[in-house]
Protein chains: 2
Amino acid sequence: MATKTHCLTPATNQECKVAQLTLQDTLDVVGGKWKLVLISILRGGKLKFRELSREAGISPRVLSKELKDLEMHDLVTRTVQDTRPITVEYELTPYSETLSDMIIAMHAWGKQHREKVIHKTVS
Amino acid sequence: MATKTHCLTPATNQECKVAQLTLQDTLDVVGGKWKLVLISILRGGKLKFRELSREAGISPRVLSKELKDLEMHDLVTRTVQDTRPITVEYELTPYSETLSDMIIAMHAWGKQHREKVIHKTVS
DNA sequence: CAGGATCCCAACCGATACTG
DNA sequence: CAGTATCGGTTGGGATCCTG
């Protein structure tokens with residue numbers, strides 16, 4: 001095949017494959033319907049389980065799973081408060097800040113895209 | 001407000017909600033398992049349906065659906081070639097370039113994250 | 001309140017076979 | 001080759017109830 005492939009950086013097909021896998025790594029960690037939304041919400045500060053559930057509009061069962069995943073990837077911390085009844089606070093880790101560029105880019109794109117769609121619809 | 005795009009400091013709940021919806025808009029368009037991978041692959045140049053299927057490791061049925069979605073959002077073009085048998089080429093639109101920042105950020109994060117995980121595992 | 005257990009439905013997705 | 005149709009497995013996720 002014609003190897004005029006041009007990925008993110010000029011590269012061989014091999015490197016293209018690697019780039020693809022790298023992208024998929026990212027999607028494995030923060031892909032899906034909720035993870036980035038939750039992280040985005042937590043950027044506003046720590047929240048309790050229930051608050052988070054309400055903010056995101058996500059059921060407890062799914063939220064619980066998502067938070068476990070995020071915790072496993074060192075993106076959020078889970079802290080049990082010694083109250084009565086107990087409450088649990090979730091907070092972003094310093095490591096989660098590495099996602100900032102991505103989130104900002106996605107947010108910017110969504111905004112831009114919405115405006116484009118509106119233009120198209122109106123015209 | 002132009003400086004801080006996120007609700008870190010004193011932002012209203014309203015603005016947080018809007019930010020969340022904007023992020024979800026993006027996820028609606030390019031979220032899921034395949035869309036960004038396909039776009040990433042097509043950055044290497046136009047490809048025929050089968051080539052794309054092989055490159056991504058995606059079944060024809062799913063690929064067909066994904067491409068329709070992408071085409072609908074003006075991210076790829078579908079061009080029928082007058083060959084025998086006919087072939088169809090898929091190519092990124094100029095508009096798809098607006099996703100560059102996002103894809104680059106995601107790629108960079110995946111790379112960085114993999115290295116971090118390796119460190120953790122080794123240590 | 002946190003979050004696990006259960007039930008159940010819908011979407012997703014892969015494999016394969018088939019048609020133009 | 002491009003793409004659809006069919007089937008069947010897997011996953012996602014909402015609702016509800018339940019316990020510590």
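Every chain is numbered from 1, with letters handed out A, B, ... down the list of sequences.
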Taking only N and O in the side chain of [X], is any of them less than 4.0 Å away from OP1 or OP2 of [N]?
X     : N      : answer
B:Y90 : D:dC1  : no
A:S64 : C:dG4  : yes
A:K65 : C:dA2  : no
A:R78 : C:dG3  : yes
B:K33 : C:dG14 : yes

Task: Electrostatic pair B:R78:B:E71 at N-O distance under 4.0 angstrom - done: no
TODO: Decide, yes or no, whether a salt bridge links A:K17 with B:E55 under the criterion of side-chain N to carboxylate O below 4.0 Å.
DONE: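 Salt bridge present between A:K17 and B:E55.
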Open item on the list: On DNA chain C, compare the nucleotides closest to A:F49 and B:I58; which residue's is nearer the 5' end?
Closed with: A:F49
Open item on the list: Assuming nearest nucleotide by heavy-atom distance, tell me which of B:S59 and A:E51 is located more 5' along DNA chain C.
Closed with: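 Checking each residue's closest nucleotide, the 5'-ward one belongs to A:E51.
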Open item on the list: Quick check on side chain to side chain donor-acceptor pair (under 3.5 Å): which of A:T26, A:D101, A:T98 does B:W109 satisfy it with?
Closed with: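 In the set A:T26, A:D101, A:T98, the residue that makes a side chain to side chain donor-acceptor pair (under 3.5 Å) with B:W109 is A:T98.
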Could you check how far [atom1] of [X] sits from [atom2] of [N], rounded to whole Å?
X     : N      : atom1 : atom2 : result
A:D82 : D:dG20 : CG    : P     : 19 Å
A:L70 : C:dG3  : CG    : P     : 13 Å
B:R54 : D:dA2  : CZ    : C1'   : 16 Å
B:L63 : D:dA2  : CG    : C1'   : 10 Å
A:L27 : D:dT11 : CG    : C1'   : 17 Å
A:R84 : D:dG20 : CZ    : P     : 14 Å
B:L38 : C:dC13 : CG    : P     : 11 Å
A:E71 : C:dA2  : CD    : P     : 15 Å

Task: Reported OG1-to-CD distance for the pair A:T87 and A:Q81, which is rounded to 0.5 angstrom - done: 5.0 Å
- [ ] Return the 5'-most residue of the pair A:W34, A:I86 with respect to DNA chain D, ranking by each residue's nearest nucleotide.
- [x] A:W34
Any idea which of [options] is nearest the [X] side chain?
X     : options               : result
B:V88 : C:dG14, D:dA2, D:dG14 : D:dA2
A:R50 : D:dC1, C:dA2, C:dT16  : C:dA2
A:K48 : C:dG4, C:dA2, D:dG3   : C:dA2

Task: Axis deviation across the helix from C:dC1-D:dG20 to C:dG20-D:dC1, five-pair ends, to the nearest 10° - done: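 That helix has its two terminal axes inclined by roughly 30°.
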TODO: Identify whether B:L21 and B:V29 are in the same connected component of the hydrophobic contact network (ILVMFWY, side-chain heavy atoms under 4.5 Å).
DONE: no
- [ ] Determine, step by step, whether B:L27 and A:M106 satisfy the side-chain contact (heavy atoms from CB on, under 4.5 Å) criterion, reporting the C-alpha distance in whole Å, the side-chain angles of both residues, the deciding distance to 0.1 Å, and the verdict.
- [x] CA-CA 8 Å; B:L27 292 173; A:M106 292 183 74; 3.5 Å; yes
Open item on the list: What I want to check is whether the side chains of A:S100 and A:R43 have a donor and an acceptor closer together than 3.5 Å.
Closed with: yes
Open item on the list: Under 3.5 Å, is there any donor-acceptor pair linking the side chain of B:R61 to the base of C:dG14?
Closed with: yes
Open item on the list: Could you check whether A:K116 makes a cation-pi contact with B:Y95, meaning its NZ or CZ is under 6.0 Å from the centre of the six-membered ring and within 45° of the ring axis?
Closed with: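 Judged by the rule, A:K116 and B:Y95 form a cation-pi pair.
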